[in-house]
There are 2 protein chains.
Amino acid sequence: MTAELIAVDWGTTNRRAYVLDGDGKVLRSERDSKGLLAVAPGGFPAELAALRAELGQFPVLMAGMVGSAKGWVNVPYLSCPAGIADLAGALEWCEPGRTAIVPGLADPAGDVMRGEEVQLLGAVAAALAPPDSLLCQPGTHCKWARMAGGRIAGFSTAMTGELFALLKEHSLLADFLTGPVSDGPAFRDGVRAGMDGRLPGLLFRTRAAALLGRRSAQDSASYASGLLIGNDVGGAAIAREEPVFILADPHLGQLYSAAVAIAGGRPTLIDSHAAFVSGIARIWKASQS
Amino acid sequence: MTAELIAVDWGTTNRRAYVLDGDGKVLRSERDSKGLLAVAPGGFPAELAALRAELGQFPVLMAGMVGSAKGWVNVPYLSCPAGIADLAGALEWCEPGRTAIVPGLADPAGDVMRGEEVQLLGAVAAALAPPDSLLCQPGTHCKWARMAGGRIAGFSTAMTGELFALLKEHSLLADFLTGPVSDGPAFRDGVRAGMDGRLPGLLFRTRAAALLGRRSAQDSASYASGLLIGNDVGGAAIAREEPVFILADPHLGQLYSAAVAIAGGRPTLIDSHAAFVSGIARIWKASQS
């Protein structure tokens, strides 16, 4: 098949572009660091023209922070529940028929996402997860979404990854968090303690345990990561034996899988890039009919 | 009375020195920014000599991070329960009879403090708080201590103030936390939500609420501070109508007082400098007998 669409996952730090054919198959993909932070105000049209010059003069559908106040256009949030048809009907057209941005979603309980909605809906559309299921997208801001009938019924966010990065880079704990993070006894101890515990005290005691010689400094990063991920997973209201579909790279995916299992759920890792491509191709198709 | 002792509260950032007479009365006090961060390794004896040259050639008793691995001497922690006589018997003498450091305390549950123990014991010794009571020292690392029979029975720490500073300076929330923090409806809403809630999600929704126009950006800092302080107070197991003695400056003292009242306790603010002076004078006296 021939190329038909350029799909762009345009985030704060990175940008990923896929050239898709009419069946949503990836013909080519590119990743660069031209996230929002690397684009001057007003510079988005020129950046996209450069991308088209490289990948071909096809229609472009974008998702992610490119639709935020610091992106190309501040696209209003669509309210949950929302599915592929809802997003397709609410695209923000930068150039009519040729260049559009997928709106982000708002949860009525007071939460927001931009970009993750495409992955979530794509995962179900590609049958990587069932139409009624619990999905998790670990990362800087970890998203938990309840899918119902293939649509996003509601979601919540925890700044788990960002808190870990802040602690590792800027906090008094930084000296104690230099070791690697891996799934092992220290990580799992952290998960169990963090699941129903209060983080500001538990994090301080991570340092105290190293000072008192109760846990090696080498294990402290795994333990602290366990505290944060355990607290995140503990807040997700996972039912006993409930399947949880995790969209993450293998490292973070393994950590969340271990924590979900400790919480009593059944984790399954799914491919977040395949989910994104599946979602954006279907949103584009729905917008054309 | 004539001067008899120089008492030094020597912390990471600041140093405070008091010249005391034989009754523990303050004849003179000085505050400077010669905390640990401003003293080169091995530079402590010279810094103290300069202080004596200024304040007089008296015995010196120090407390705080000066007794840590990054201070003058890494003084071993004393284990709780501990009182004035225990600390006096475990002073680390840098110069016999003339210059000493008060040891920090460890709680067997895995927590540590350096410097706060002097304030806590001094507060009770000066009758600012009863011998059996709950004390709170808000700050970068907020300490909660249970006193029993005038001794420190046990304590725990929450990195409440440090987390707020990290969020304000380095996080994605930073843009939303530029307003003043004050005790008002937004702060109190935060306290109630944070008391039994999970911070990583609640903090993200602070940003979402501003993006969705549900709370003014101006109120976000008060709300986020409320979340953190509420979570801290909620973990302190305050009994209904229990008195809580708070050692803090007026601003932080007011915020913690409001949160303690919401948690059902009865807050009383006490003077942390008077408590320190009372404690260190008594520790010195006990070490001389």
Side-chain angles (χ1 to χ4, degrees), chain A residues 12 68-70 74 76-77 79 104 106-114 140-144 156-167 169-173 175 194-212 214-215 227-229 231-232 234-236, chain B residues 12 68-70 74 76-77 79 104 106-114 140-144 156-167 169-173 175 194-212 214-215 227-229 231-232 234-236:
Chain A
T12 301
S68 73
K70 291 187 178 170
N74 192 3
Y77 294 102
S79 210
D107 183 284
D111 214 317
V112 293
M113 62 168 53
R114 286 202 190 272
T140 307
H141 298 147
C142 179
K143 304 284 181 189
W144 293 85
S156 66
T157 310
M159 42 193 298
T160 309
E162 182 172 4
L163 282 174
F164 188 72
L166 289 175
L167 291 165
E169 283 166 42
H170 300 291
S171 82
L172 197 79
L173 262 70
D175 288 352
M195 197 151 303
D196 294 305
R198 287 171 197 270
L199 291 175
L202 290 166
L203 289 167
F204 185 84
R205 287 191 280 286
T206 302
R207 176 172 166 272
L211 287 173
L212 296 171
R214 295 184 174 194
R215 186 181 303 110
L227 289 177
L228 286 161
I229 291 177
N231 195 262
D232 191 358
Chain B
T12 301
S68 72
K70 293 188 176 168
N74 191 4
Y77 294 101
S79 211
D107 183 286
D111 214 316
V112 292
M113 62 167 55
R114 284 201 192 274
T140 306
H141 298 149
C142 179
K143 306 283 181 189
W144 293 84
S156 66
T157 310
M159 42 194 295
T160 308
E162 182 172 3
L163 282 174
F164 188 72
L166 289 174
L167 292 165
E169 282 166 41
H170 300 292
S171 81
L172 196 79
L173 262 69
D175 288 352
M195 197 151 301
D196 294 305
R198 288 171 196 270
L199 291 175
L202 290 167
L203 289 167
F204 184 84
R205 286 192 281 287
T206 302
R207 176 173 166 272
L211 287 173
L212 295 171
R214 294 184 176 194
R215 187 180 302 110
L227 289 178
L228 287 161
I229 291 176
N231 195 263
D232 191 356

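Letters A, B, ... mirror the listed sequences (proteins, then strands); counts begin at 1.
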Checklist outcome for this item: Residue pairs meeting side-chain hydrogen bond (donor to acceptor under 3.5 Å, both in side chains), one or both in residues 157-166 of chain B, sequence neighbours left out, come to B/Asp111-B/Thr157, B/His141-B/Glu162, B/Lys143-B/Thr157, B/Thr160-B/Asp232
Next on the checklist: Heavy-atom pairs under 4.5 Å with chain A: which of B/Ala165, B/Ala106, B/Ser171 has the most?
Outcome noted: B/Ser171
Next on the checklist: If I compare all heavy atoms of B/Gly110 with all of A/Ala208, which pair ends up nearest, and what's the gap?
Outcome noted: O-CB, 3.5 Å
Checklist entry - Among all residues two or more places apart in sequence or in another chain, which pass the ring-ring contact (aromatic ring centres under 6.0 Å, His included) test with B/Tyr77? => result none
Checklist entry - If you tally heavy-atom pairs under 4.5 Å against chain A, which of B/Leu228, B/Leu203, B/Leu172, B/Leu173 wins? => result B/Leu172
Next on the checklist: How close do A/Asp107 and B/Arg214 get, counting heavy atoms only, and between which atoms?
Outcome noted: O-NH2, 4.4 Å
Checklist outcome for this item: Looking only at heavy atoms, the pair that brings B/Arg198 and A/Gly194 closest together is NH1-O, 4.3 Å
Checklist entry - What is the minimum heavy-atom distance between B/Arg205 and A/Ala109, and which atoms define it? => result CD-O, 4.5 Å
Checklist entry - Which answer fits A/Leu166, side chain, backbone, both or neither, if we ask what part of it has an atom under 4.5 Å from a heavy atom of chain B? => result both
Checklist entry - Of the backbone (N, CA, C, O) and the side chain (C-beta and beyond), which part of A/Asp175 lies under 4.5 Å from a heavy atom of chain B, both, or neither? => result side chain
Next on the checklist: I'd like to check B/Leu211 versus A/Val112 (side-chain heavy atoms, cut-off strictly below 4.5 Å). Are they in contact?
Outcome noted: yes
